[in-house]
Amino acid sequence: MPTARKELINLDITPYYHCYARCVRKGYLFGTGENNKNYDHRKSWVLERIQYLCQGFAIDVCAYAIMSNHYHLVFHVNRKKALSWSDEEVNMRWQWALERKAPFLSSLPEEIEKRRECLFSISWFMRFLNEYIARLANIEDDVTGKFWESRFKSQALLDEGALLACMAYVDLNPVRANMASTLENSDFTSIQERLRAHHLNQPTPPTLMEFEHKEVNETKENTLKAYLPFSMKDYISLIKWTGGQIRDGKSGSLSEDVLPLIQTAGLNPKNWLKTVEKSSINDQTILGALSKMKEWAQIIKKAWLKGQRITRLKYSTA
């Protein structure tokens, strides 16, 4: 029996989640389809829509990859930021999300709080994203019916190790699929966008969550802002090394400059390449160390997941 969405997304457990959606019948509706018609331009639709929604929602994008028949997103939900908004700001952001030009205000406290909750809800973000893309694609193809295989799938990332592994998995999608040979050529990925800004000595693109800062000015905006728990330098070094190993079909020992990040995240260096494989990430509804999985199981009162006991899940630090 499928796990209920309210059990898969629990902000009291973790603010980090991996979500992905696949086109109906795994069709290449973002690439070259069976009729040899090219739909690559639709990838821009997805990215632009994500960028648009991030301006209204209290949701940060840690990583993304838009492929030919599916896309991946790693989210951070900033509930603290949403709870700090005034009633007026909630109304304005909800109006933005609905793309209403005329004011769409409410003075009812219960309605405002309902809108506030929607603005830090992954389900609502994905709804506004997927419905919009499906509508555009169906108009372009002059058809009706389903565009997505299902609503969307999500995974809770329970600790820093799970977040690091999932971000790496997402950023390396084109390399792993032999669609790109380098990170710089990995189109429609967050790592390409981060590297482009880095090489031009520009700040992190506003849609993407920033890496940790040693010194942050104590302004109201910064106290509500969240940062990824590792440095950009360490992350890029790790992704470049991992991408090279995947591209060349190697499984060598980790270099000294990338080893500390994996160890700090609580992962086993020997299992790193296996950890970022498709089978290790996509087969589960939660990712994290065994102790974190047990805590999650106790909270939602589950002992089994996909036919296995929690204590026998693949992903662990052992």
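Atom set for the values below is all heavy atoms of this structure, side chains included, hydrogens, waters and symmetry mates excluded.
- Taking CD1 of Ile191 as the reference point, atom OG1 of Thr182 lies at 11.0 Å (rounded to 0.5 Å).
- To the nearest 0.5 Å, atom CG of residue Leu228 and atom CD of residue Glu212 are 9.0 Å apart.
- For Glu256, the CD atom counts as loosely surrounded, since its 6.0 Å shell holds 12 or fewer non-hydrogen atoms of other residues, nucleotides or ligands.
- A side-chain N or O of Asp171 and one of Ser190 form a donor-acceptor pair less than 3.5 Å apart.
- Taking the six-membered ring where the residue is Trp, the centroids of Trp148 and Phe30 are separated by under 6.0 Å.
- Note on ring orientation: taking the six-membered ring where Trp is involved, the planes of Tyr52 and Trp96 are parallel (angle under 30°, cut-offs 30° and 60°).
- In terms of heavy atoms, Tyr235 sits closest to Ala168 at OH-N, 3.6 Å.
- Within 6.0 Å of CD in Gln202 there are more than 12 heavy atoms belonging to other residues, nucleotides or ligands.
- Remark: Arg127 is positioned above the aromatic ring of Trp124, its terminal NZ or CZ atom under 6.0 angstrom from the ring centre and at most 45 degrees off the axis.
- Between Arg115 and Asn91 there is a side-chain heavy-atom pair separated by less than 4.5 Å.
- Taking both residues in full, the closest heavy atoms of Asp40 and Gly31 are given as OD1-CA, 3.4 Å, listed atom of the first, atom of the second, then distance.
- In this structure, Leu267 is a member of the same hydrophobic cluster as Ile236, with clusters built from ILVMFWY side-chain heavy atoms closer than 4.5 Å.
- Between Lys43 and Tyr71 the shortest side-chain heavy-atom distance does not fall below 4.5 Å.
- Counting only N and O atoms by type, the side chains of Asp234 and Ser237 include no donor and acceptor under 3.5 Å apart.
- Side-chain contact check for Val170 versus Tyr20: every heavy-atom pair is 4.5 Å or farther apart.
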message: Pair Glu110, Arg116 - check salt bridge (charged side-chain N to carboxylate O under 4.0 Å, His left out), show working.
response: CA-CA 10 Å; Glu110 59 271 23; Arg116 189 190 306 275; over 6 Å; no
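- Between Asn130 and Arg151, the side chains place no donor N or O within less than 3.5 Å of an acceptor N or O (distance only, hydrogens not considered).
- Across all non-hydrogen atoms, the minimal contact from Arg194 to Phe211 is NH1-CE1, 3.3 Å.
- Nearest heavy-atom pair, Asp60 versus Met209, reported as atom, atom and distance to 0.1 Å: CB-CB, 3.9 Å.
- Salt-bridge annotation for Glu184 and Arg196: absent, with no side-chain N of the basic residue lying under 4.0 Å from a carboxylate O of the acidic one.
- At least one side-chain heavy atom of Phe230 sits under 4.5 Å from a side-chain heavy atom of Leu163.
- Both tests hold for Arg93 against Trp85: distance to the six-membered ring centre under 6.0 Å, angle to the ring axis within 45°.
- A distance of 10.5 Å separates CG of Asp187 from CE of Met67, quoted to the nearest 0.5 Å.
- Counting heavy-atom neighbours within 6.0 Å of Met232 CE, excluding the residue itself, gives a total above 12.
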message: As a quick check of understanding, evaluate salt bridge (charged side-chain N to carboxylate O under 4.0 Å, His left out) for Glu111 and Lys114, giving each step before the final call.
response: CA-CA 5 Å; Glu111 179 62 28; Lys114 182 178 179 181; 5.2 Å; no
Verdict with supporting geometry, Gln95 and Val90, side chain to side chain contact (heavy atoms under 4.5 Å, CB included): CA-CA 9 Å; Gln95 181 181 334; Val90 169; over 6 Å; no
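- Listed here is the closest heavy atom pair of Ile246 and Arg176: CG2-CA, 3.9 Å.
- Thr189 is not listed as a side-chain neighbour of Asn173, based on a closest heavy-atom distance of 4.5 Å or more.
- Here the side chains of Gln192 and Leu183 are not in contact, with every heavy-atom distance at 4.5 Å or above.
- You'll find the ring centres of Phe75 and His18 outside the 6.0 Å limit.
- The shortest distance between side-chain heavy atoms of Arg135 and Glu140 does not fall below 4.5 Å.
- Using a 4.5 Å heavy-atom cutoff, the side chains of Phe152 and Leu129 are not in contact.
- Leu73 contributes atom CG, which lies 7.5 Å from atom CD1 of Ile66 (distance to the nearest 0.5 angstrom).
- Between the CZ atom in Phe120 and the SG atom in Cys118 there is a gap of 9.0 Å [rounded to 0.5 Å].
- Criterion: ILVMFWY side-chain heavy atoms under 4.5 Å apart, direct or through other members. Under it, Tyr132 and Leu47 are part of a common hydrophobic cluster.
- Cluster annotation: Met126 and Ile133 are assigned to the same hydrophobic cluster (Ile/Leu/Val/Met/Phe/Trp/Tyr, side-chain heavy-atom contacts under 4.5 Å, transitive).
- The structure places CH2 of Trp296 at 10.0 Å from CG of Asn10, a figure rounded to the nearest 0.5 Å.
- Grouping the Ile, Leu, Val, Met, Phe, Trp and Tyr side chains by contacts below 4.5 angstrom, directly or via other members, places Trp241 with Leu164.
- Between the side chains of Tyr64 and Glu193, at least one donor N or O lies within less than 3.5 Å of an accepting N or O.
- Cluster annotation: Met179 is not connected to Val46 through the hydrophobic network of ILVMFWY side chains, with a link wherever side-chain heavy atoms come within less than 4.5 Å.
- The minimum heavy-atom distance linking Asn78 with Lys81 is given by the pair OD1-N, 3.0 Å.
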